[in-house]
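Since the structure comes first, as structure tokens, the remarks are kept for the end.
Numbering of ligands and ligand atoms starts at 1, following listing order. By convention here, the first residue in the shown sequence is residue 1.
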Amino acid sequence: MSKIISVRRYSGEALIPYIPDLARLRIEVFRDFPYLYDGSLDYEKKYLQTYIDNPASVIVLALDGDKVVGASTALPMKDETEELQRPFLENGYNIDDVFYCSESVLDKNYRGLGIGVRFFEEREAHAADLGGFKHITFCCVERPVDHPRRPADYVPLDAFWNKRGYFKHPELKTSYVWKDLDDTEETAKPMTFWLKHER
Ligand SMILES: CC(C)(COP(=O)(O)OP(=O)(O)OC[C@H]1O[C@@H](n2cnc3c(N)ncnc32)[C@H](O)[C@@H]1OP(=O)(O)O)[C@@H](O)C(=O)NCCC(=O)NCCS
């Protein structure tokens, strides 16, 4: 592993060569608690196509040489699905004011090097370049504290997010449907939003 990792923003067709690697990385990282996502490459490729097709979206890639070791995605909330927009509309937000950070995934061998901080900085810089956003948000799955797959040494990312200026908003809730590792069918998972106010 080289320690010279490039972390920079990609949009549109420039993403195409990285999609297979990126899809595999998402499946690998999201198998872990708290996501426990039993993903498929077909679904991942369809999901990532959204980013190729939307010029306002961004994927920040962490590359070790040509190898994708991390990625972080974001786009304006107005381009997101109804289930993500609904809690904001119900709570009186103007959807055009909200920028949505979808996820960050990093190969375990590259954690603790500051790449997670860069992912936030680059996505926030992209939002600033687009202009006009008052709130930046992301959401996190809620799992019971006694969940059987919760590792004994699991540390939630709450302190990391607080330090980046994001705070939990329990009034902003939605659900996402996916198939957990131990399940045979998809089920809805409760998700809570975190928010940072830009101005
Ligand atoms: C979240 C993630 C991208 C962070 O990446 P990272 O490059 O290791 O983070 P950094 O090195 O930039 O560390 C940032 C800070 O968070 C802390 N931190 C990082 N990972 C942490 C963890 N798992 N638990 C607790 N604290 C953590 C670091 O100590 C550091 O603190 P500091 O700012 O006080 O120095 C990475 O852990 C990951 O891929 N996790 C699995 C997927 C995930 O949970 N994604 C987020 C939601 S989609």
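Interface atoms of ligand 1 facing Glu103, defined by a heavy-atom separation under 4.0 Å, are 48 (S). Contact atoms of ligand 1 toward Val117: 12 (O), 14 (C) (distance under 4.0 Å to a heavy atom of the residue). Short contacts between ligand 1 and Val105, defined as distances under 4.0 Å to a heavy atom of the residue, involve ligand atoms 39 (O). Heavy-atom proximity to Val29, at under 4.0 Å, picks out these atoms of ligand 1: 41 (C), 42 (C). Less than 4.0 angstrom separates some heavy atom of Leu113 from each of these atoms of ligand 1: 11 (O). Using a 4.0 Å cut-off to heavy atoms of Lys163, the atoms of ligand 1 that qualify are 32 (P), 33 (O), 34 (O).
Taking a cutoff of 4.0 Å between a charged side-chain nitrogen and a carboxylate oxygen, Arg9 and Asp129 qualify as a salt bridge. A salt bridge links Lys189 to Asp180: one of the charged nitrogens lies within less than 4.0 Å of a carboxylate oxygen.
In this structure, atom 8 (O) of ligand 1 lies nearest to the protein heavy atom Gly112 N, 2.8 Å.
Between the side chains of Tyr110 and Asp64, at least one donor N or O sits under 3.5 Å from an acceptor N or O.
The heavy-atom pair separating Tyr51 from Leu75 by the smallest distance is OH-CD2, 3.8 Å. Between Tyr47 and Thr73, the shortest heavy-atom distance links the atoms OH-OG1, 4.2 Å.
With a 4.5 Å cut-off on side-chain heavy atoms, Glu198 and Lys196 count as touching. Put simply, the side chain of Phe138 does not reach to within 4.5 Å of the side chain of Ser102, judged on heavy atoms. Thr81 places a side-chain heavy atom less than 4.5 Å from the side chain of Glu83.
On a distance-only criterion, Phe119 and ligand 1 share no N/O pair closer than 3.5 Å. Taking only nitrogen or oxygen atoms, main chain and side chain alike, Gly116 reaches within less than 3.5 Å of ligand 1.
Checking atom 47 (C) of ligand 1 against the protein gives a heavy-atom contact under 4.0 Å. Counting protein heavy atoms under 4.0 angstrom from atom 29 (O) of ligand 1 gives zero. Within the 4.0 angstrom cut-off, atom 19 (C) of ligand 1 has no protein heavy-atom neighbours.
For atom 3 (C) of ligand 1, the nearest non-hydrogen atom from the set Ser104, Pro34, Gly70 comes from Ser104. Heavy-atom proximity to atom 16 (O) of ligand 1, evaluated over Phe160, Tyr110, Tyr35, Trp161, is greatest for Phe160. Taking only non-hydrogen atoms, the option from Arg26, Arg111, Lys108 nearest to atom 41 (C) of ligand 1 is Arg111.
Rounded to the nearest 0.5 Å, atoms OH (Tyr37) and CG (Asp32) are 14.0 Å apart.
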